[in-house]
Amino acid sequence: MTINVAKYTEEEILEIFKEQHRLCSPHDPEADPMIEITADMNISEWRQANDLVNWRQLGTFLNKEFRINISEDTWHRTLEPSKSRKLRQVCQLISQHADRDTYESKTLLGKRCLEAGVFLTIKRNLSDKGVDVWDLSPSSLIEDYMNKYFSQILEEATLTGTKMISEIHIERKKKGF
C-alpha cells in the first residue's frame, strides 16, 4: 500500500490537542475538563488541564505520538519556562516536523471507496504501534480494542483529524475486598 502524507497545519495540531482533552480529561481525576484548550494558553495551563508530565517526558511522548524526532534541547526551549511559553509554539513546532496521513480511495468490488482507504491506513498505523490487528475489520467492536489498547487507539483516532469517537465511557471495575 502506498503511504501518502502531508504536513499538519498548526490549526490541525491544536484540534488534535482539543480532541484529546475532550475525550480524556473527564476520566482523569487530576485533569480539568472545564478548561478550554486554546493556542494562547501557556504550557503550564495546558499541562494542568490535561494532567501532563514534565517537559522532558512530554517532548518524548510528542515525538512518539507524531512520529517525529525533535531534540530534547528544542523541546526544552519550546516548553520552558512553562508560564511564558504558549501552546501555539508547540503547535508550530510539531507542524514543521510532523506528517499526517492522507487517505486514498481503494477499489472494493469494482467501486472506489475512501472509507476502505481510511480503515486500511488506520489499521496499518495501529499495527505499527504494536496493536494486534489480525482480526480487526470495519465491523469490529471498538470496545474490545479500547479495553486492551486504549492509548494507541485514542492516539490514532485523534491523529486522523476526524472526530470518530463521540464519547468514551469507562466501566470501573471494583477493586479491593
Side-chain angles (χ1 to χ4, degrees), residues 3-103 118 121-133 145-168 170:
I3 300 174
N4 297 312
V5 294
K7 288 287 183 204
Y8 280 105
T9 65
E10 294 172 34
E11 294 78 17
E12 288 170 328
I13 301 295
L14 181 62
E15 287 304 313
I16 289 167
F17 291 150
K18 287 179 178 181
E19 185 67 358
Q20 290 171 340
H21 179 259
R22 181 184 73 80
L23 292 170
C24 294
S25 63
H27 306 290
D28 184 340
E30 299 298 319
D32 187 347
M34 303 309 291
I35 292 179
E36 180 185 354
I37 303 300
T38 69
D40 293 322
M41 72 188 324
N42 68 43
I43 301 303
S44 181
E45 293 167 330
W46 176 51
R47 286 176 42 201
Q48 184 178 3
N50 292 292
D51 187 28
L52 298 176
V53 293
N54 69 42
W55 73 265
R56 183 174 280 121
Q57 292 169 306
L58 182 56
T60 300
F61 172 79
L62 292 170
N63 274 344
K64 184 178 173 210
E65 178 179 26
F66 286 97
R67 300 182 296 258
I68 55 181
N69 189 20
I70 296 172
S71 72
E72 189 174 276
D73 186 52
T74 302
W75 278 122
H76 185 256
R77 286 192 314 270
T78 304
L79 296 168
E80 292 292 326
S82 63
K83 291 195 185 289
S84 62
R85 300 285 189 234
K86 301 290 183 189
L87 184 55
R88 175 181 320 283
Q89 295 166 292
V90 174
C91 296
Q92 288 170 343
L93 179 63
I94 293 171
S95 71
Q96 292 167 3
H97 296 272
D99 294 324
R100 66 172 174 78
D101 293 318
T102 58
Y103 305 103
V118 171
T121 301
I122 291 172
K123 186 174 180 176
R124 180 202 67 228
N125 291 349
L126 289 172
S127 178
D128 290 348
K129 292 177 182 191
V131 175
D132 179 8
V133 295
Y145 286 87
M146 290 290 279
N147 287 336
K148 192 168 183 181
Y149 303 105
F150 181 85
S151 293
Q152 296 94 324
I153 299 286
L154 184 65
E155 207 173 275
E156 194 56 39
T158 57
L159 287 176
T160 63
T162 62
K163 293 186 177 184
M164 62 173 65
I165 301 173
S166 60
E167 195 173 1
I168 298 174
I170 296 176

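All figures in this text were calculated on a predicted structure; none of them were measured in a lab.
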Quick one: are [X] and [Y] in side-chain contact, heavy atoms under 4.5 Å?
X	Y	value
Arg85	Trp46	no
Thr60	Gln57	no
Thr38	Leu87	no
His97	Thr74	no
Gln92	Arg88	yes

Measure the [atom1]-[atom2] distance between [X] and [Y] for me, rounded to the nearest 0.5 Å.
X	Y	atom1	atom2	answer
Leu154	Leu23	CG	CG	5.5 Å
Glu36	Lys18	CD	NZ	6.0 Å
Leu62	Leu52	CG	CG	8.0 Å
Leu14	Cys91	CG	SG	4.5 Å
Glu12	Glu19	CD	CD	13.5 Å
Ile94	Ile13	CD1	CD1	5.5 Å

| request: Start with the C-alpha gap between Phe61 and Glu155, add the side-chain angles, then the distance that decides, and say whether side-chain contact (heavy atoms from CB on, under 4.5 Å) holds. | output: CA-CA 11 Å; Phe61 172 79; Glu155 207 173 275; 3.8 Å; yes

| message | For Gln48, I'd like to know if atom CD has over 12 heavy atoms of other residues, nucleotides or ligands within 6.0 Å. | response |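 Not more than 12 within 6.0 Å, no.
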
| Within a radius of less than 6.0 Å around NZ of Lys148, do more than 12 heavy atoms belonging to other residues, nucleotides or ligands occur? | no

Minimal non-hydrogen separation, [X] against [Y], with atom names:
X	Y	answer
Asn50	Ala31	C-CB, 4.0 Å
Asn54	Arg47	CA-NH2, 3.5 Å
Glu156	Ile122	CG-CG2, 3.9 Å
Ser25	Ala49	CB-O, 4.2 Å
Trp75	Val90	CZ3-CG1, 4.3 Å

| query | Do Thr158 and Gln20 get their side chains close enough for a donor-acceptor pair, meaning under 3.5 Å? | reply |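 Present: a donor and an acceptor within the cut-off.
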
Are the side chain of [X] and the backbone N or O of [Y] linked by a donor-acceptor pair below 3.5 Å?
X	Y	value
Asn42	Ser44	yes
His21	Asp32	yes
Tyr145	Gln152	no
Ser82	Leu79	no

| request: Indicate yes or no: does Glu10 engage Lys86 in a salt bridge with an N to O separation below 4.0 Å. | output: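 Looking at Glu10 and Lys86, the cut-off is not met.
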
| When you check the gap from the basic side-chain N to the acidic O, do Asp101 and Arg124 get nearer than 4.0 Å? |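 Arg124 and Asp101: salt-bridged.
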
| query | Between Trp55 and Arg77, is a side-chain contact (heavy atoms from CB on, under 4.5 Å) present by the stated rule, with each step listed? | reply | CA-CA 10 Å; Trp55 73 265; Arg77 286 192 314 270; over 6 Å; no

| said: Working note: Arg67 + Asn125, criterion side-chain contact (heavy atoms from CB on, under 4.5 Å); need CA distance, chi angles, decisive distance, verdict. | reply: CA-CA 11 Å; Arg67 300 182 296 258; Asn125 291 349; 4.1 Å; yes

| message | Does the plane of the ring in Phe17 sit parallel, tilted or perpendicular to the ring in Phe66? Use 30° and 60° as the thresholds. | response | perpendicular

